[in-house]
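Structure first, then comments.
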Amino acid sequence: MSAEAIVIRRCQGLDELRACVALQKEIWNFSDAELVPLRMFVVAEKVGGQVMGAFAGSEMVGFALSVPGTRSGHIYLHSHMLAVAKEHRNSGLGRRLKLLQREDALSRGIELIEWTFDPLEIKNAYLNIEKLGAIARRYNINQYGITSSPLQGGLPSDRLIAEWWLRSQRVEMLLSTTKLLPFEQKASIEVPAQIYAWKSAPETRSEAQKVQERNRGQFLRAFEGGLAVLGYERDAAGDGKFLLGRWDENWSYASQE
């Protein structure tokens, strides 16, 4: 089935929410204790969150889960999970799910969607920054503790916080022209393509941890100095590079933690 033939829409009924839970387990391979349970998907749908599904016929091949939050009197959405089945990755489906989240949020007057992402995941970072126009200026150390997912490779679950300001000039320009607004680069932070292999093997995991610890320090110093992640590059070898500068748009909710 072509990527264009996949239908994305809000999930409907318990069976489709159960399919979200099953796909979550298939992708992350969490222990039962760490799975987001069916009840949470139900609650999210009932209290103003989002459970968006991607369907190839009757089969669910992706979903996005978000829950509402408030900060300094402003309502925003925290997008907790974005999942795409292995055979449908690199087809633009994740971006389509995020854009449906944006459309729904704007229809309700919500201007910000946030989510966390692993700064060692190169493809995900590229999607968030270059294809969606999110920025990052906060870094949480070991946010979820050491998780059972093999994707984490036994490392601390450090996370960058993506801020997707839906009405910002940055996002609107990107979505209308496919180009990000230019900015003056002040710093860069590199992630080698070998990071995936290093994380997956116990004998090389220390190499991955060295990269994580080095980059952690660089992010914290950059953010303390007022910089933000505004761009991301990938080279022919698959290496990734965060590009940091000063964001000149005044989008912020106070007390961001």
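Numbers here are sequence positions counted from 1.
With a 6.0 Å radius and a threshold of 12 heavy atoms from other residues, nucleotides or ligands, E87 has its CD atom above the threshold. When the shell of 6.0 Å around CD of Q12 is examined, it contains more than 12 heavy atoms from other residues, nucleotides or ligands.
Clustering ILVMFWY residues whenever any of their side-chain heavy atoms sit less than 4.5 angstrom apart, transitively, puts L243 in a cluster other than the one holding M173. L127 is not connected to L174 by any chain of hydrophobic side-chain contacts under 4.5 Å among Ile, Leu, Val, Met, Phe, Trp and Tyr, and they are in different clusters. One hydrophobic cluster holds both L100 and L175 under the rule that ILVMFWY side chains link at heavy-atom gaps under 4.5 Å. F30 is connected to V67 through a chain of hydrophobic side-chain contacts under 4.5 Å among Ile, Leu, Val, Met, Phe, Trp and Tyr, so both are in one cluster. Residue L14 is grouped with residue F63 when hydrophobic side chains (ILVMFWY) are merged at heavy-atom distances under 4.5 angstrom, including chains of intermediate members.
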Stepwise salt bridge (charged side-chain N to carboxylate O under 4.0 Å, His left out) test for K199 and D118: CA-CA 13 Å; K199 283 198 299 182; D118 185 342; 3.8 Å; yes

Salt bridge (charged side-chain N to carboxylate O under 4.0 Å, His left out) evaluation trace for E114 with R71: CA-CA 12 Å; E114 290 186 352; R71 187 179 295 122; 3.2 Å; yes

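With R214 as the fixed residue, the side-chain contact (heavy atoms from CB on, under 4.5 Å) test singles out one of Q218, K210, Q212, R216: Q218.
Smallest separation of non-hydrogen atoms from K131 and R95: O-NE, 3.0 Å.
Judged as a ring pair (Phe, Tyr, Trp, His ring centres under 6.0 Å), and not counting sequence neighbours, H78 has no contacts. Residues meeting the side-chain hydrogen bond (donor to acceptor under 3.5 Å, both in side chains) test with E190, sequence neighbours left out: none. Judged as a ring pair (Phe, Tyr, Trp, His ring centres under 6.0 Å), and not counting sequence neighbours, W198 has no contacts. In this structure, the side chain to side chain contact (heavy atoms under 4.5 Å, CB included) partners of L227, at least two apart in sequence or on a different chain, are K186, A187, A222, L244, R246. Here F219 pairs with Y139, F223, F242 under the ring pair (Phe, Tyr, Trp, His ring centres under 6.0 Å) rule; sequence neighbours left out. Under the rule for a salt bridge (charged side-chain N to carboxylate O under 4.0 Å, His left out), R102 has no partner lying at least two apart in sequence or in another chain. Partners of E45 under the side chain to side chain contact (heavy atoms under 4.5 Å, CB included) rule, at least two apart in sequence or in another chain, are L17, V51. Shown here are the side-chain hydrogen bond (donor to acceptor under 3.5 Å, both in side chains) partners of E16, two or more places apart in sequence or in another chain: R9. Take D104 and apply the salt bridge (charged side-chain N to carboxylate O under 4.0 Å, His left out) test, not counting sequence neighbours, and it matches R10, R108.
Within the model, atoms CD1 of I8 and CD of E103 stand 8.0 Å from one another, a figure rounded to the nearest 0.5 Å. K25 contributes atom NZ, which lies 14.0 Å from atom CD1 of I27 (distance to the nearest 0.5 angstrom). Distance check: E59 CD to L23 CG gives 9.0 Å after rounding to the nearest 0.5 Å. The CZ atom of F55 sits 4.5 Å away from atom SG of C11, with the distance rounded to the nearest 0.5 Å.
D239 places a side-chain heavy atom less than 4.5 Å from the side chain of Q194. Under the 4.5 Å side-chain criterion, counting only non-hydrogen atoms from C-beta, V191 is in contact with N215. I129 places a side-chain heavy atom less than 4.5 Å from the side chain of V229. Counting only heavy atoms from C-beta outward, the side chains of R96 and I6 approach each other to under 4.5 Å. For the pair Q24 and F41, the minimum side-chain heavy-atom distance is below 4.5 Å. Considering only heavy atoms from C-beta on, I141 comes within 4.5 Å of L220 through its side chain. In this structure the side chain of V47 reaches within 4.5 angstrom of the side chain of P68, judged on heavy atoms. Between L77 and L112, every side-chain heavy-atom pair lies at or beyond the 4.5 Å cut-off.
Using modelled atom types, one finds a donor on one side chain and an acceptor on the other under 3.5 Å when comparing Q101 with S79. For E121 and N124, the side-chain atoms include no donor-acceptor pair closer than 3.5 Å.
In terms of modelled atom types and a separation under 3.5 Å, the side chain of S168 and the main chain of V171 share a donor-acceptor contact.
Side-chain heavy-atom separations under 4.5 angstrom define the hydrophobic clusters, and Y144 shares its cluster with no other residue.
Residue pairs meeting the side chain to side chain donor-acceptor pair (under 3.5 Å) criterion with at least one partner in residues 220-235, sequence neighbours excluded, do not occur; the list is empty. Sorted by first and then second residue, the pairs that involve residues 109-130 and meet ring pair (Phe, Tyr, Trp, His ring centres under 6.0 Å), not counting sequence neighbours, are W115-W164.
Checked against a 6.0 Å centroid threshold, the rings of Y253 and W165 count as neighbours.
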